Number of protein chains: 2
Amino acid sequence: MSEPREIPVHIIESLKSLGLTKYEALVYIGLLRVAGATATEIHEISGVPRASVYPVLDRLMQKSLVSVSHTSPKRFNATPPDDGIDSLMHRIEEDAAQAREALTAIYREKAEEHRADQEFIWSIYGQENIQGRLTDLIRNAGKEIRMVANWNLLSETILPLLRQARGAIAVEVVTDFWEGEVPEGVAVHVHRHCMKHEQCENHPPMENAGVFIVDGAKVLVWMGSSGEETSALYSESPGFVQFFSRYWTNIRDWVKLSNQ
Amino acid sequence: MSEPREIPVHIIESLKSLGLTKYEALVYIGLLRVAGATATEIHEISGVPRASVYPVLDRLMQKSLVSVSHTSPKRFNATPPDDGIDSLMHRIEEDAAQAREALTAIYREKAEEHRADQEFIWSIYGQENIQGRLTDLIRNAGKEIRMVANWNLLSETILPLLRQARGAIAVEVVTDFWEGEVPEGVAVHVHRHCMKHEQCENHPPMENAGVFIVDGAKVLVWMGSSGEETSALYSESPGFVQFFSRYWTNIRDWVKLSNQ
DNA sequence: TAAATGTTGTTACGACAAAAACAACAATGG
DNA sequence: CCATTGTTGTTTTTGTCGTAACAACATTTA
């Protein structure tokens, strides 16, 4: 019988975020390795105390991750990983749907004080989070979007968004490089410090950076502070918007000029 | 300022299964109701101790559920529920994918002792769990499926499965009622205790019940013990299979006879 | 201006519940 | 009779919940 072999912790963690406990994860994994095992065998394989194995198996059965044979001694079997995880995800997605509904209801009936979005400057942390917010912003744009952004960010995140979600929205872009086709309805100003993109690496690898002005009313400033966690500012404050509108116009005019 | 209004517990529970703690849920909900609130306001709205609000907000920011304005005092804002839940689900789905991969690897390299599936009779509990297993079974059928099942179960669960997943598989069904078209490649034997389905209700509402024999090698017996939780047996044991094969043949012959 | 007051943000610590880990014991079966 | 199974407690640990106290800062009042 194989010893309680070392299980990578990150698997346990993944399973935990699917709603399992450490023991449940260990037992389930153990049962995947040895089908039709007895409680004692499971104990040996997984390293989980024998006495704890029984309640854990009960919970796993409720979650449909194991089935049991009513022999003596009882033997247990794991449902295949794909089925098992599907089952877990199904539960979670139900909860997500419920939460979505309930929270949207709450969200709609909130006091309509717009001070929140209008007067303040909000910070957002983390690549994914910023990207998500930006996605939202572009999708809900009404008339026009002006932006300064480096090519990396532009090509990987922004362009795909523009391609699908834009319906008669004017887009004006200032960037440091361009390659490939320019989508219809998009005006591009390139300030080439160099001819090939790879050569631009004297500028430190500012991973993602850009300013996005939507409908002259909303601004998102993405600061790719290389090294630390990236962060972004978002605001609908008129002063903030005006400041970056001017900043953007300056940049664009300067680039146009230097390209002549 | 609105008091810490009563939040339905099930919302909290839903959010918990998405990886939030009670406090995180309360604060997030509070912020949905009052956008751009200060820590103290959040404390008042949500009922979460003021001192606990700060670390909770930190965690929520990491999870991209709130953003912060660097004014004094700081003000916080919730990301809209749809975006927020998307963000949470995204993380979970990543974990699910990871787990899937890792577990499938483990599952494949398991000792190929088939005693597990061959010699024992496995119990499965819960409607959903059984349905899932049955789905799996039908999808992976090789040649033929024989079944006895009541019409409810048949029409709601089985037929949709058959329609999509069957490629040249012989299906023979014994049931108590039939309505609608018979799919191609399916033989049906009906034993009508009554002409209209609604009239059959002298038989107690045996919610779901049936025997499913796949390729003459696998059997699933679904026992809809009305009242308690439904349960099912699954086995590849030759004896078990043979028993139900004969049982099924008997039933079919009897029905054929009594229909003449 | 200086003291008094109040609020913000931080830190520390106790209470509590769930999970993890251990120990003991009755039931079962060869 | 012995070994193993299955069950029942108990202790330890962990993470969250909840309270209290305090420094930093701004506002008010004398």
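Below, chains carry the letters A, B, ... as their sequence lines are ordered, and counting in each starts from 1. Every value quoted in this text rests on a predicted model; they were computed, and no experiment measured them.
Within 6.0 Å of CD in A:E101 there are 12 or fewer heavy atoms belonging to other residues, nucleotides or ligands.
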Using a cutoff of under 3.5 Å, can you pull out all pairs of nitrogen or oxygen atoms linking the protein to nucleotides 15-18 of chain D, with atom names and distances?
from: D:dC17; atom 1: OP1; to: B:K22; atom 2: N; distance (Å): 2.9
from: D:dC17; atom 1: OP1; to: B:Y23; atom 2: N; distance (Å): 3.4
from: D:dG18; atom 1: OP2; to: B:Y23; atom 2: OH; distance (Å): 2.7
from: D:dG18; atom 1: O5'; to: B:Y23; atom 2: OH; distance (Å): 3.2

Any N/O pairs under 3.5 Å between the protein and nucleotides 3-7 of chain D? List them or say none.
from: D:dT5; atom 1: OP1; to: A:T40; atom 2: OG1; distance (Å): 3.2
from: D:dT5; atom 1: OP2; to: A:T40; atom 2: OG1; distance (Å): 2.5
from: D:dG6; atom 1: OP1; to: A:K74; atom 2: N; distance (Å): 2.9
from: D:dG6; atom 1: OP2; to: A:Y54; atom 2: OH; distance (Å): 3.2
from: D:dG6; atom 1: N7; to: A:R50; atom 2: NH1; distance (Å): 2.9
from: D:dG6; atom 1: O6; to: A:R50; atom 2: NH2; distance (Å): 2.9

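Applying the side chain to side chain contact (heavy atoms under 4.5 Å, CB included) criterion to B:A102, with sequence neighbours excluded, gives A:I11. Looking at residues two or more places apart in sequence or on another chain, you find a side chain to side chain contact (heavy atoms under 4.5 Å, CB included) between A:Y247 and A:V211, A:F244, A:I251. By the side chain to side chain contact (heavy atoms under 4.5 Å, CB included) test, B:S69 pairs with A:F120, A:W122, B:T71, B:R75, sequence neighbours left out. Looking at residues two or more places apart in sequence or on another chain, you find no side chain to side chain donor-acceptor pair (under 3.5 Å) involving B:T135. For B:D95, the side chain to side chain donor-acceptor pair (under 3.5 Å) criterion is met by A:S14, A:S17, not counting sequence neighbours. Residues passing the side chain to side chain donor-acceptor pair (under 3.5 Å) test with B:Y125, sequence neighbours excluded: A:H70. A:Y54 meets the side chain to side chain contact (heavy atoms under 4.5 Å, CB included) test with A:A39, A:R50; sequence neighbours excluded. Remark: A:S67 engages no residue in a side chain to side chain donor-acceptor pair (under 3.5 Å) (not counting sequence neighbours).
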### Message
In dot-bracket form, 5' to 3', how is DNA chain D paired? Count Watson-Crick and G-U wobble pairs only if both distances fall under 3.5 Å, and write | where the partner sits on another strand.
### Response
||||||||||||||||||||||||||||||
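Between B:A78 and B:L31, the closest heavy-atom pair is CB-CB, 3.7 Å. Between B:R91 and B:Q62 the shortest heavy-atom distance is NH2-O, 3.8 Å.
Salt-bridge formation is detected for the pair B:D82/A:R100: a Lys NZ or Arg NE/NH1/NH2 atom is positioned less than 4.0 Å from an Asp or Glu carboxylate oxygen.
Contact footprint of chain B on DNA chain C: nucleotides with an atom under 4.0 Å from a non-hydrogen protein atom, first to last in 5' to 3' order, C:dT8 to C:dT11.
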